[in-house]
Every structure is written in structure tokens, then in C-alpha cells.
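Everything below concerns the one structure shown next.
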Amino acid sequence: MLITLKDGSILECEDGIAVKEVAARISEGLARVALGAKVDGKVVELWTKLDKDCALEILTFKDAEGAKIYRHTCAHVLAQALKSIFPTCKLAIGPAIDNGFYYDVDFTTPISMDEMPRIEAEMKNIIKANYPITRFVLPRNKAVELMKSFGEDYKVQLILDLPKDAEISFYQQGDFIDLCAGPHLPSTGMIKAFKLTSLTGAYWRGSEKNKMLSRIYGTCFDKKSELTDYLTALEEAKKRDHNKLGRELGIFMTDDNIGQGLPLLMPKGAKIMQIMTRFVEDEEERRGYVLTKTPYMAKSNLYKISGHWDHYRDGMFVIGDEAKDDEVFALRPMTCPFQYTIYNNGLKSYRDLPLRYGETSTLFRNEASGEMHGLIRVRQFTLSEGHLIVTPEQLEDEFRSVVDLARYMLTCFGLDKDVTYRFSRWDPANTDKYINEPDVWDKAEDTMRRMLDHLGIDYVEAMGEAAFYGPKLDIQIKNVHGKEDTLITVQVDMFLAEKFDMNYIDENGDKRRPYIIHRSSIGCYERTLALLIEKYAGAFPVWLSPTQVKVASLTDRNAPKAREIARLLGEHGIRAEADCRNETLGYKIRSWQMEKVPYMVIIGDKEEEEGVVAVRRRGEGDKGKMSVSDFIATVRADVDSKRLD
């Protein structure tokens, strides 16, 4: 039997050799760190026996697939510990995730974080016992019978929902057995370092209609030093979490009487949002966009034309009942049908194209309550939305200009190094989600792929992530906890012009269908604000800071001058506040530091006499004395250059 290794070399082995033995023949060092393997591209366990010529890649913790095997096994160790301590609990699902794992569990009596040390201690016992892990398969009726005997109701549901021809496998370690597709480590003793990190709620199968379960998160690594580094980074992430920091800094709040996913922007947050919006709208206007302002709701007729009613209705807030009311309305989840209606108001010539419509849109999406998170995932949000109506010949140039605008915005906000790019495609095997015209999809995807390649964008492809009407370039970003979301999206649409009967007259006098580019320039403002809070830990760049300068009086005598300078700064477009409280200078400086204001100027008797101000800059301390005019020029330079540090 010939085995082709990752480096292209060929290893001749006897039939029936286990993957672990092959690893040892390659290198004893490799065998010590091996966690699994890929055989002809399929991930398998180390005990898997090889019986034919194949391509083999040994997986270690440095490989994503290897780390997943390791973390999945740690999730099973957690489940075994829970069943040992809480025999009546019922297990749901326990997958590996980025940097760790979790297990959803239904407890008879809710538990708290106080139980985590006890659970960790039992997990250590299981690891120390070094139980061999084995796999076995059962027919469906036997599998159901086994899980029923254990009282595992959720596992029974999972089995019953599997396809009829599915192989139903279980893994056993000690006396613990769990339904699982695998793969796993050979034994529990291979886990070197782990930590349980949090306890949250999670609906069974992600639906708020189902029971709320307890979700226990954990992390694990193959070296204790890496676990220590990760936990240190996790503590830093908690300090930067916008959900915590944004509230502490008075940027936003929530209220139970208003509802989940409906944050209130407080004066500081509203000011930052205003700065962002004005900047985006002014830059779009400079690049040839024309502004629209459209209604927050429309009759269902509009969404039926666009296809949202068929493909997106569950994500919409519907007003009225089709069975009872003559007219049913819905809050808009996006602006495209409204801007297409504006386009259709009057005949268009090829000379009118490209038409670039832009709008700062307030949108509404009926997100599940379990998905809500601060400003990152909300039910009402603000989008830098736009639609470009173009001729087929203009498509690539306009696509390039849209990507250029998005990259410019990312650079100005300091997020350009934090993003990745994803080419989101349709899934031909799940056509219910999409407008089902395969030939048009093939053309749209081929066109987008060609444009992305011409731009030299380093992207990954994701099947099933397209919009229902077209493929997308998604610009992805992670929050401080490693959760990835889409920040900006650019979509190529070859469907909706047909649905809305959109036309233009070409140079030969013939009617033609335009192409449409859906895009956002900085995405959802609320989500971007959340990411900016986390990136800068609340210490925003000068141009984005809601208050740029605090003007502090040293004594009551200096208060009038402090107010005068604050007013003068305001006249030069600098957001300044006078701090004339009857407090010590040290107290005012500490207050300024807590609020993360970029500049503080101090006015005392000597400064008044000399006609100067004493300047302090965040992160740099005392900058000496300056004339007011020089200080204004300094701040204006920071603002005008969009300085980020």
C-alpha cells in the first residue's frame, strides 16, 4: 500500500496499518503530538486503519482540524463530568468552536459559576484516569433505545432527525457514552490544559420557542503556557467588551421596557454616530452618490415584488394580518425596493448611468432574542446603504469603486487591518432560500469571481451565504471575543431589475435591463460603533471623540477664561467643554482620564497673564504651554488628517 504524505513523498506500508503507526514511522516526535489525520481529505482518528493507497496528512494542534478534534474531546470530558456530578441533567449538543468548546445542558436545578471549580476538578480526574475512547455504531432503533435508557431526551430528538441512511455513531470513555459523529482523541489523558470560562443561556436549537438551556463555555490548549496567554487575552477582551465599556462610558444603554435589540444611544453615542454619518454621507457625495430618503415601512405588495415576502418574511416585522386586513404593512429590512421605485420614476437613458443612490437607512430585522448582543446584533439599526444601477459594461469599474470606498472607510476608522474577505455564494442544493435560476447564478458568480481576482483580493469562498438574489463580497471582522460578523457587504444582483421591470434605453434606442450593485460603505453604524469601542477601548481617535477637549480652570477666578476658550474652540469646529467645578486639578485630570478625552488644557492665573494654555494629551501627558491659536491648529491637524493614535 502506497501512502502519499503532505510533502509529496511516498511511504510504503502494509495493509491495515493504523494512522498512529504511520505517524511514528515518519517521526517519533510527530507521533507524540499527533491528534488525528486527513485521509484523502477526510478527517479521521489516530486509530483508523488504512487499507488502500491514499493521501495522508497527520494533524497536530497547530492545524485547525487537529485543534477541533482536541477541543471536541474536551467537550465530552465536560459532559462526562456533568453527568457524574449532576446525574439528572440532560445533555444537548457540545461542539468545538474557535478557541474552545461548549456544551448545552438541561439542569433540573439551575447552576451558577460557583459550580465551575467543582466541575473542573472532576474533569481533571477524568483526564488523569486516561480513559481510552472508543467508537461504535448502532441502528436507529437501538440508538434511540440506548439514549432513552439514559434519559437523554435531546439526544433522542437528534437521532430521529437524522437522515434515514445516516450512520449513527457513539463514543465511549469509561462508563460515559455520548451520541457523536466524531472524530476524537484516542484517550482523555491527552488533554493538557483547559479552563471553563463562562455560563450563559441558549435556546434548544437556537429557537426562542424552545426551552432555555444552560451553555457552559470552555477553552483548552495543548500547552499550559498557551492557556495562560489565552486567559490573559480573555481578561483584556472583557475590559474592552463594548457591552460593558459602552455602558460605563455613557455611550449607550438598554431598558427592559423598551425591549431587546433596541439600544438607546446616549448623548456621547449619538454624537459619535452623527460624526460617522456626516463623514460617510459627505464622502459618498464627493464620489457621485445622490441622496434618497424613503419610508420606514411599505405595503406587503412591494416586498412580494422584490421577493423578500417569500424569502425573508420571518426576519421582518409585519403589521397586520393578511387573513383579516385589506392592507398589510411591514417595517423595511432593507432599502433596495424603495430606491428601485425611485429609479422607475421616469425613463432612463444609458447616459444617466451609472446612478448611485445612497441613504442612511433605519432598518428593522426580527432577530431571535437569543442572538441579541449589545450594539453588534440589534433589531433596529442604521445602515450606510446604497444601490448602483449600471450598464453591464460599467459593472466592473463600479464594483471596483465600491470596494475602494469601503477600504477607504476602513482605513479612516482604523479597521483595515482587522478584516478578512469572503465570497458568499448560493447553495444549489438548497434552492428554497434563493431565486432559483441556476444559469443566472452561474453568470453572477463567475462575474463576481473575475472582478475579485482582478482586484487581487485575498478571499475565501462560502457556499450558502449569498443573499437570496445574488452573490456577495462580505467584509468580515471579529469582536474582542473572536465572534465573526459581517461588517460591510457588496452584492451583485442580476435578478431584481427584472422583477421591478427596470430598464434603460441604450445607444441604439433599445430597452435593456441594468445590473444592480447593493453595497454599504461602513455597514451597520451600531455594529461599527461597537467594534470601535472595543478596538480603542473607548479612547477614540480625536476626530471621532464626542468630546475632544476639556478646558479646566485652576481656580474660580479662571472659570470665565476657561469658558471663553471652550467657546473659541467650538467656533473652530472643536468639540470642547469647560470644567469649572470647584475640585482639585488632580481630581479633574483623573476625571478626564476616566472619560478618555483626548486633550485637556488648564487655565490658571499664570496662563491667563501669558495668554497661553497648559496642554495635556491622552497617553502622552504634559505637552507644555501653547498659545490658543497654536493649540487650535494642533487639534485641527489631528481631526483633518483623521489621525488614529
Side-chain angles (χ1 to χ4, degrees), residues 284-285 287-292 294 298 301-312 334-359 361 385-406 423-426 428 431 434-455 466-473 489-521:
E284 288 182 345
E285 184 174 3
R287 295 183 184 229
Y289 285 79
V290 292
L291 197 63
T292 64
T294 55
N301 300 23
L302 184 72
Y303 305 116
K304 289 175 181 176
I305 295 171
S306 67
H308 289 100
W309 203 252
D310 291 333
H311 297 282
Y312 205 82
M334 58 278 292
T335 307
C336 35
F338 299 85
Q339 291 189 334
Y340 301 161
T341 304
I342 290 174
Y343 176 86
N344 279 340
N345 183 30
L347 193 63
K348 302 296 188 297
S349 159
Y350 71 96
R351 294 187 180 90
D352 298 315
L353 305 185
L355 254 177
R356 307 181 187 101
Y357 292 124
E359 182 167 334
S361 306
E385 196 169 14
H387 298 89
L388 292 80
I389 293 87
V390 304
T391 69
E393 297 77 17
Q394 295 167 340
L395 179 63
E396 184 159 356
D397 283 344
E398 290 302 310
F399 184 88
R400 182 182 293 107
S401 72
V402 164
V403 174
D404 179 72
L405 172 60
F423 174 25
S424 296
R425 303 173 56 194
W426 84 312
T431 55
Y434 308 99
I435 297 173
N436 188 16
E437 295 185 30
D439 290 345
V440 181
W441 275 102
D442 289 345
K443 181 179 179 181
E445 290 189 350
D446 289 346
T447 300
M448 177 169 272
R449 184 182 290 104
R450 185 185 71 248
M451 293 189 297
L452 293 175
D453 291 342
H454 286 176
L455 285 169
F468 73 82
Y469 49 76
K472 302 185 294 174
L473 170 63
T489 185
V490 183
Q491 304 162 13
V492 173
D493 175 5
M494 296 183 178
F495 289 106
L496 295 189
E498 178 82 25
K499 286 183 170 292
F500 279 87
D501 195 24
M502 298 166 67
N503 299 288
Y504 68 94
I505 305 301
D506 69 11
E507 55 269 35
N508 299 317
D510 297 324
K511 275 189 176 184
R512 295 185 66 188
R513 297 286 187 207
Y515 287 166
I516 301 166
I517 300 174
H518 304 239
R519 48 102 277 183
S520 57
S521 51

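All values below were derived from every heavy atom in this structure, side-chain atoms included, with hydrogens, water molecules and symmetry-related copies excluded.
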Worksheet item: What distance do I342 atom CD1 and T292 atom OG1 have between them, rounded to the nearest 0.5 Å?
Response: 4.5 Å

Item to complete: Compare every heavy atom of A444 with every heavy atom of P471, then report the nearest pair and how far apart it is.
Response: CD-CB, 3.8 Å

Response to the item:
For E285, the salt bridge (charged side-chain N to carboxylate O under 4.0 Å, His left out) test, sequence neighbours excluded, returns none

Discussion item. For D510, I'd like to know if atom CG has over 12 heavy atoms of other residues, nucleotides or ligands within 6.0 Å.
Written reply: yes

Worksheet item: How far apart are the C-alpha atoms of I516 and M494, what are their side-chain angles, what is the distance that settles it, and do they pass the side chain to side chain contact (heavy atoms under 4.5 Å, CB included) test?
Response: CA-CA 7 Å; I516 301 166; M494 296 183 178; over 6 Å; no

Practice prompt. Report yes or no: does Q394 contribute a side-chain atom to a donor-acceptor pair with the main-chain N or O of L353 at less than 3.5 Å?
Written response: yes

Discussion item. Checking D442 now: which residues fulfil salt bridge (charged side-chain N to carboxylate O under 4.0 Å, His left out) with it, not counting sequence neighbours?
Written reply: none

Discussion item. Does either side chain, that of T294 or that of T335, offer a donor lying less than 3.5 Å from an acceptor on the other one?
Written reply: no

Discussion item. Going by the rule side chain to side chain contact (heavy atoms under 4.5 Å, CB included), which residues pair with N503 if we only count those two or more places apart in sequence or in a different chain?
Written reply: D501, K511, R513

Worksheet entry | Residues in salt bridge (charged side-chain N to carboxylate O under 4.0 Å, His left out) contact with K304, at least two apart in sequence or another chain | E322

Worksheet item: How far apart are the closest heavy atoms of P354 and R356, and which atoms are they?
Response: CG-NH2, 3.6 Å

Discussion item. Within the structure provided, determine whether T447 and L395 are in side-chain contact (heavy-atom separation under 4.5 Å).
Written reply: yes

Response to the item:
Paired with H387, the side-chain contact (heavy atoms from CB on, under 4.5 Å) test is passed by just one of E359, R519, Q339, namely Q339

Worksheet item: What is the distance from atom OG of S306 to atom CZ of F338, rounded to the nearest 0.5 Å?
Response: 9.0 Å

Response to the item:
Sequence neighbours excluded, the answer for ring-ring contact (aromatic ring centres under 6.0 Å, His included) partners of Y469 is H518

Fill in: Pair D446 + K443: basic N to acidic O under 4.0 Å
no

Worksheet item: Does the side chain of Y515 reach to within under 4.5 Å of the side chain of V492, using non-hydrogen atoms?
Response: no

Worksheet, complete the sentence: For R425, the salt bridge (charged side-chain N to carboxylate O under 4.0 Å, His left out) test, sequence neighbours excluded, returns E445, E461

Item to complete: Could you tell me the separation between the NZ atom of K472 and the CG atom of D493, rounded to the nearest 0.5 Å?
Response: 13.0 Å

Worksheet entry | Partners meeting side chain to side chain donor-acceptor pair (under 3.5 Å) with R287 (sequence neighbours left out) | E283, D404

Discussion item. Could you check whether any side-chain heavy atom of L473 comes within less than 4.5 Å of a side-chain heavy atom of V402, counting everything from C-beta outward?
Written reply: no

Response to the item:
Residues passing the side chain to side chain contact (heavy atoms under 4.5 Å, CB included) test with S401, sequence neighbours excluded, are E398

Discussion item. Return the CG to CZ distance between L452 and R400, rounded to the nearest 0.5 Å.
Written reply: 11.5 Å

Discussion item. How long is the straight-line distance from CG of L388 back to CG of D397, given to the nearest 0.5 Å?
Written reply: 12.0 Å

Worksheet item: With side chains defined as the heavy atoms from C-beta onward, is the minimum distance between K348 and M502 less than 4.5 Å?
Response: no

Pairs under 3.5 angstrom only: tabulate donor-acceptor contacts from the side chains of residues 434-441 to other protein residues two or more places apart or in another chain.
{"unit_1": "Y434", "atom_1": "OH", "unit_2": "G464", "atom_2": "O", "d": "3.1"}
{"unit_1": "W441", "atom_1": "NE1", "unit_2": "I435", "atom_2": "O", "d": "2.7"}

Worksheet item: How would you list, by chain and number, every residue that makes a side chain to side chain contact (heavy atoms under 4.5 Å, CB included) with S349, sequence neighbours excluded?
Response: R351, D352

Response to the item:
Residues at least two apart in sequence or cross-chain that pass ring-ring contact (aromatic ring centres under 6.0 Å, His included) with F468, listed by chain then number, are H308, H311

Worksheet item: Are E393 and R512 ion-paired here, with the side-chain N under 4.0 Å from a carboxylate O?
Response: yes

Item to complete: Check the pair Y504, Y350 against ring pair (Phe, Tyr, Trp, His ring centres under 6.0 Å), reporting the backbone distance first and the verdict last.
Response: CA-CA 6 Å; Y504 68 94; Y350 71 96; 7.7 Å; no

Response to the item:
Nearest heavy-atom approach of L302 to A298 is CD2-CB, 3.7 Å

Worksheet item: If you round to the nearest 0.5 Å, how far is CD1 of I517 from CZ of F399?
Response: 7.0 Å

Worksheet item: What residues form a side chain to side chain donor-acceptor pair (under 3.5 Å) with S520, not counting sequence neighbours?
Response: none

